[in-house]
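We use all heavy atoms of the structure for the numbers below, so side chains are in, but hydrogens, waters and symmetry mates are not. Chain identifiers are assigned alphabetically (A, B, ...) following the order of the sequence lines, protein sequences preceding nucleic acid strands; residue numbering begins at 1 within each chain. These figures come from a predicted structure and were not determined experimentally.
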Amino acid sequence: MASSTDSNVKGENSQVSYKKYINTKTDRVLQSKKHANDIFDVIEYLQSEKDKEVIFATNACSKVFCQLFYRGDLYVGDLPEEEDLVNGDRSAEEKYRIFMRHRYSNCVELLLENIGHKAFQVKETSLCALMKFVAAEGKHPLQNLDEHYNFPRELLQTLVEHLLSEKEDMSLLISRFQEFLEMDDVRYYVMSSVRDNIYRVMGRNKKAVIPVYQNNVFTLLSTINVPSEASKMRHFLVRQDYKLEQWKVAKLKEHKRAFEQMWLVFLKFKLPSNMYKKILVILHESIMPQMSDPTLLIDFLSAAYDIGGAISLLSLNGLFILIHKHNLDYPDFYKKLYSLLDPSIFHVKYRARFFHLVNIFLSSTHLPAYLVAAFVKRFARLSLTAPPTSLLILLPFICNLIRRHPSCRVLIHRPSTAEEPCDDPYVMEEEDPAQCHALESSLWEIKTLQKHYHPDVAKAAMKINEPLTEQEDDISELLELSTFELMERELKAERKTIPLEFDTATELLKSSREVLGVHFSLE
Amino acid sequence: MMRKQQTFSRGLSDKVRKSKAAPEIQKNPFEVKINRKKFDVLGRKSKHDVGLPGVSRSRAIQKRKDTLLKEFRLKDKNNTFIDRRFGEYDSKLTPEEKILQRFTLERQRTQDRKDMYNLNEEEELTHYGQSLAEMEKMTDVIDSDSDSEEKGLLSAELTATHFGGGGGLLRKKSAGDDEEEEHKPRSRQELIEELIIKSKQEKRERQTQKEEAQELTEKLDQEWKSIQNLLAHKTPKAERTDETDKPKLDQYDMMVRELGFEMKAQPSEKLKSAEELAREERQRLQTLEADRLKRMMGDAEEDAVQTNTHISADDMNDGFILDGDDRKTLAYKDGKWNIEGEEEEKEDEDDDEEGEDDDEDDADEDHCDLQSDEGSEDEDGQGAEEEQVCAEEPPAVSEEQKKAAQEAAKAELPYTFPAPESYSDLKQLLQGHGSEQQRLILDRTLKCNHPSLSAGNKAKLQKLFGFLLEYVGDLATQNPPDLRTVSALIPQICGLCQMFPEAACKAVQTLLSDSGHSMEETLEVKGRAPMPDLDMLVLLKITALLFPSSDFRHPVTTPAFLFLSQALTRCAVVSLEDVCKGLVLCCLALEYVSLSQRIFPELLNFLLGLLHLTVSDKHNMGYTVVSPFRRQGKSCDLLVLKDPNVSHSWNRKPISLQTAHRLPAQSPVERDHYRLSLIDSCLDLVKRCTWLYKDLPSYAHIFQPIRALLLKHLPVEGYPAPIQDLHREILDAIPEKPSQHAPLVFKKKKPIPLKLFTPKIVQILDYGKKRGNTKEEKERERLKHKYKREFKGALREIRKDTRFLAREKLSDVMSRDAERKRKVKELYGSLATQEGEWKALKRKNRK
């Protein structure tokens, strides 16, 4: 792009000329073996400073080498050194093949380098060219190896290595790469190479956090989806006719295992905190179901649960699935959940998910009353700092809990010692719900909220004044409520009359209950 | 007619009904019809178990005979003979008694007469109180009138001939013309012709007289017109010409007319004393306040009463409000009496004829009437001109020029303005004027376009409110913000709001919704939003001025609350300006809840977060800050003083609202002063909160984090003395230990009574007990039922009536036929006997 500052005529000329030049060169290379040396000129262009030239050359290279693959003009087997070629006693034909094979590996190297190029288009074309090579190599293997069913593992591995850069965010390219991952064999080998790669890189970095690299890995991993049924695995980049049944790549089980290992390796190392959040958000939906044994995630989940804050809230979801579906025993689960509750839960992004889960956790009627009472009381105490959207969830939620556990009714109705003022026996600082004396307390906080400024909140809080109805309130609709939605609801309501302030104002900062004017002046 | 008949028949029918059937009939088993009951219901009284159909039928027939038949007989007979004799229709009196009474009355009448002692005198017969004997004597009274027949429009002759009958005329004529034409008696034909000619002549004479009079008046009018112009410029009460033309008016006539035209003293409303006015005002405020409290409790949501304005007794209920009164106020301008409307119209004339202006008030008034139609057009034209002037005015640069321009504008400010049709119109109208002038312009615009003046004005003014809010927003976002003008425009905005609450509500709602929406969008895209700009802060403030924030639920203030909540929880605080805006929001929030004492958790969270910004050491906290603040991070020490010695030079003064828009470049010391002011305000707000919420059950828990912060973390030693005092006061106000409260119990309900075996009492209405839930519905059902029954009954009665009448008619015909038959038979009989006799005679003769 920098070259475009040249004069137009010259630029156009050069543009036309390089295209013509590359085209004639490639044609000559393909036409006869005599002009084999022209390939050097084409490969040279891969290092050009101009993006367009690089792209054009890349396409030309892929064309040439694919053609050569097709013709079988590339040497098969262990490649002898180029220096040996001169004194070796080989036929001209063989020499030509060895020569071309060397050019091919040169070309591949350059293309791999180009994956780290500045311009995305160069990256993209390089990636595509390389994948073409992968396909061609698969069809016309360069090594005589049977175990791996001719799949060019090394090439793919180096490609993945370059994709998972440690310095650069490759998310765009990775999303481009996603289309190749739909091929089952590519996916399988990518998974195994990623696993090796992570081992290598993290080991090299002594298990320190590398945000860019881990981000790239995460982007790549999150794009990988294992098909749900074995019958769907029909899509291969390299067709294998030989012993298909025994081919690992064709087995769903193997896929799942590779997937699982890949993730486990990734999660084994220390992650940046935002990465935790990203992983946990997708964990229960796109990772756990595709693993053959999700219980292996327990280490990761319990580590995340212990981190605290939003990460703990998010890890709840995965834990829940493990407990619920995989029969996991998690000691002190409720105690930990209890200690998770602090004022920030009402302000995090994942509030809806959290309340959804807490609602599920506390839905059992077999929980001890002291535990439920502790939760209720803690929620009530925290509600004193909550915004109206949270309160609209929280208040019906508390009422539901009391409905489910009639022994907690004393929290809102304690007739025996009526009219005698007492201190609040509840201990907010106590971590253990069994020790916090919640059952001896009353929900004065809800009483306070009856004076809340939002009418719906006040009404919801009023409900504790009277015996609760049998029917539980449905809170699922309220979970995603935002302040603006509340506002809109209020704005749309039909109102017959609009009361006005009867003290007519004369100035901006002058009214009967002025606060702003006390602290601020117009000038 | 029907009605009369009904009432009449009612009276009679009552009478008929009262006469009970004779006991023997009641006992007669052939008369009695027994309605068989299906079930015996205990305690039910049935009226209709036994009936006497024969009796009731005969009763009904009798009733009809007494009422309907009588009427039928009298049908088409207009004259009725009413016998006024004493006791004629009184059935209670026996004929003997009647005669006796009449006789005594007659006697009594003769007793009163003056010649009661004259025993021999015959009773004098009278007609209309005049003795008949006297009348007989004055047979020719009319003759004496014949002399005066020429006078008067209706001559006696004419009347006599017209109404006296032919005989009278003849006799009179002969009496009148006795002497001359005795020998030549004229025929009736001639007499009548003469009469006609005479009357025609009279008519013609009268017509000519009238025409003459009309001509004279026309002439007079023309002359008057020709001199009218002269008159107008000369003395206003010049009557010289009139004196010559008109006959001198009678003193008395003038007096009478004056009295007739004089304004009658109208009964006016009693002038209220100051005391009464004050009491009324207080009462009004009390009711409004009570209403506000009711709304605050949320009870009166449904039956919300329009508390809009005080309605005076003179209010025509046409939306005309005294505030927007466009009565001309008495004011002097440049030494002249300034009447706004007229002044405008006169302006043109004033230029030409200033000198004469004073002595032709009366004439001018006439002019005004004539010109008033053109007036409005003129005004529009002038308004437009004036606008152009405003638009062309170059923006004043220097202070002097500005002042001069203002002076010029003041001098030129027109009195009427067209209502702006678009926002740019309004902007054009107001821009380039000082704040007071803008207020004046707006005021005049409102007055000129008062909804009572023209039909389209209402819509225009409603739109104007939206434009005004937009304009205010623009003023607030200017650099520097022109808040003075905003403040000056407040009364107009209030006035408009009072006029059109719905439109105002809509306008504010739209702004709130738009702003909330854009904030929501930025939140979704970026994860956090900037603090609302000064225009939103001003709008929120205006909202508090216009609408009651204490209502339990209000279409404007509830969304405004939510907007505040959103801003206080989601907007990032990254600069001192943000802190300032946040403080403004807190002030507004506190203002919003100050009357209702409602709890606003976001406000307290935000104040805690602000105080957290003052703490430099963020470790080991005894409290948690929530969104939008973070425990530690980039902008977490915005309020930490850079120089600890700066507190000596700080003194308390209000912070300028303009700094919320953009903080001017300041020295570090000034910045620290600014920080101190912010901290001071923040602490004061906390103090106000402690006052406000001290009665809440969870008071101590709510303020626990703030207390922990103030007690342990706030670097209060480095602050000036006033802030230290504030700090101490707050700590005193927040108790260390939470206060004691009674445990919660449900509201006491009335105990539900045990089920008893007492019968349930259900009101059984006419139509049964099933239908209708509410009282109104039941009443409607009852009336419907009643109407149906009455209708059916009436229909049946009418049918019976017609049947009865048909029967009567038939019997009439039958009887008439029978009579005729009888008569014919009689005739035949008589003829037969005659014939027989004749034949017998003949036979006899023959023999």
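Among the candidates A493(A), A458(A), S482(A), the residue making the largest number of heavy-atom pairs closer than 4.5 Å to chain B is S482(A). Between chain A and the residues S513(B), C580(B), P548(B), P491(B), the most heavy-atom pairs under 4.5 angstrom are made by P548(B). The residue among L696(B), L608(B), L545(B) with the most heavy atom pairs within less than 4.5 Å of chain A is L545(B). For the set I412(A), L443(A), D456(A), the entry with the most heavy-atom pairs within less than 4.5 Å of chain B is I412(A). Contacts with chain B were tallied for P455(A), S442(A), S383(A); P455(A) has the most, counting heavy-atom pairs under 4.5 Å. Looking only at heavy-atom pairs under 4.5 Å with chain A, the residue among S681(B), P705(B), S739(B) that has the most is S681(B). Of the listed residues (Q450(A), E466(A), R513(A), K349(A)), the one with the most heavy-atom contacts under 4.5 Å to chain B is R513(A). When each of P467(A), G517(A), S511(A) is checked for heavy-atom pairs under 4.5 Å with chain B, P467(A) comes out on top. Of the residues considered (I655(B), L483(B), T558(B), V626(B)), I655(B) shows the highest number of contacts with chain A, using heavy-atom pairs under 4.5 Å. Highest contact tally toward chain A, considering only P480(B), S596(B), G516(B), A660(B), is held by G516(B) [criterion: heavy-atom pairs under 4.5 Å]. Across K737(B), K747(B), R652(B), E602(B), the residue that shares the most heavy-atom pairs under 4.5 angstrom with chain A is E602(B).
Taking 4.5 Å as the limit, some side-chain heavy atom of R688(B) sits within range of a side-chain heavy atom of V518(A). For the pair Y693(B)/T448(A), no side-chain contact is recorded, criterion being any heavy-atom separation below 4.5 Å from C-beta on. Taking 4.5 Å as the limit, every side-chain heavy atom of I490(B) sits out of range of all side-chain heavy atoms of K510(A). Side chains of H347(A) and F629(B) form no contact here, defined as non-hydrogen atoms less than 4.5 Å apart. Inter-residue side-chain proximity for E501(A) and C494(B) is flagged as unmet; no heavy-atom pair is nearer than 4.5 Å. Side-chain contact check for K459(A) versus F552(B): some heavy-atom pair is nearer than 4.5 Å. Between L500(A) and L546(B), every side-chain heavy-atom pair lies at or beyond the 4.5 Å cut-off. Side-chain contact between E445(A) and I702(B): absent, with no pair of heavy atoms (C-beta onward) separated by less than 4.5 Å.
Contact record, H554(B) with P499(A): NE2-O, 2.9 Å, taken as the closest heavy-atom pair. Among all heavy-atom pairs drawn from S698(B) and L384(A), the shortest one is CB-CD1, 3.8 Å. Here the shortest heavy-atom pairing between Y453(A) and R598(B) reads CA-CD, 3.4 Å. The two residues F520(A) and L583(B) make their nearest non-hydrogen contact at CZ-CB, 4.0 Å.
Neither the backbone nor the side chain of C586(B) comes within less than 4.5 Å of any heavy atom of chain A. Heavy-atom distances place both the backbone and the side chain of P555(B) under 4.5 Å from chain A. Heavy-atom distances place the backbone of A386(A), and not its side chain, under 4.5 Å from chain B. Looking at D424(A), only its side chain comes within 4.5 Å of chain B, counting heavy atoms on both sides. Contacts of L595(B) with chain A are made by both backbone and side-chain atoms, with heavy-atom separations under 4.5 Å. Both the backbone and the side chain of E514(A) have a heavy atom closer than 4.5 Å to some heavy atom of chain B. When heavy atoms are compared at a cutoff of 4.5 Å, I446(A) does not approach chain B at all. For L512(B), the parts lying under 4.5 angstrom from a heavy atom of chain A are both the backbone and the side chain. For K541(B), the part lying near chain A is the side chain, with the backbone staying farther off; criterion is any non-hydrogen pair under 4.5 Å. Heavy atoms closer than 4.5 Å to chain A are found nowhere in Q492(B), neither backbone nor side chain. In this structure, chain A has heavy atoms under 4.5 Å from both the backbone and the side chain of Q566(B). Within the 4.5 angstrom heavy-atom criterion, only backbone atoms of A544(B) (N, CA, C, O) approach chain A.
For the side chain to side chain contact (heavy atoms under 4.5 Å, CB included) with L562(B), the qualifying choice from R489(A), E488(A), E485(A), H454(A) is H454(A), the only one to do so.
For the side-chain contact (heavy atoms from CB on, under 4.5 Å) test, residues two or more places apart in sequence or in another chain that qualify with S344(A) are D342(A). With sequence neighbours excluded, the residues satisfying side-chain contact (heavy atoms from CB on, under 4.5 Å) with T389(A) are R351(A), P387(A), T483(A), L486(A).
Once rounded to the nearest 0.5 Å, the distance linking CG of L604(B) with OG1 of T385(A) reads 10.0 Å. If you take CZ on R381(A) and NE2 on H701(B), they are separated by 3.5 Å, rounding to the nearest 0.5 Å. Between the CG atom in L657(B) and the CG atom in L509(A) there is a gap of 6.0 Å [rounded to 0.5 Å].
Classified by interplanar angle (parallel below 30°, tilted 30° to 60°, perpendicular above 60°), the ring pair H741(B)/W444(A) is tilted.
Panel note: side chain S487(B), backbone E507(A); no donor-acceptor pair is recorded below 3.5 Å.
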Check your understanding: Do R409(A) and F746(B) pass the side-chain contact (heavy atoms from CB on, under 4.5 Å) test, and can you show the C-alpha distance, the side-chain angles, and the key distance before you say yes or no?
Key -> CA-CA 10 Å; R409(A) 216 174 74 137; F746(B) 291 144; 3.7 Å; yes
Check your understanding: Could you walk me through whether V486(B) and L522(A) pass the side-chain contact (heavy atoms from CB on, under 4.5 Å) check?
Key -> CA-CA 10 Å; V486(B) 174; L522(A) 289 174; over 6 Å; no
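Counting non-hydrogen atoms of neighbouring residues, nucleotides and ligands closer than 6.0 angstrom, the CD atom of Q471(A) reaches no more than 12 such neighbours. More than 12 heavy atoms of other shown residues, nucleotides or ligands fall within 6.0 angstrom of atom CZ in R404(A). Atom NZ of K506(B) has 12 or fewer heavy atoms from other residues, nucleotides or ligands within 6.0 Å.
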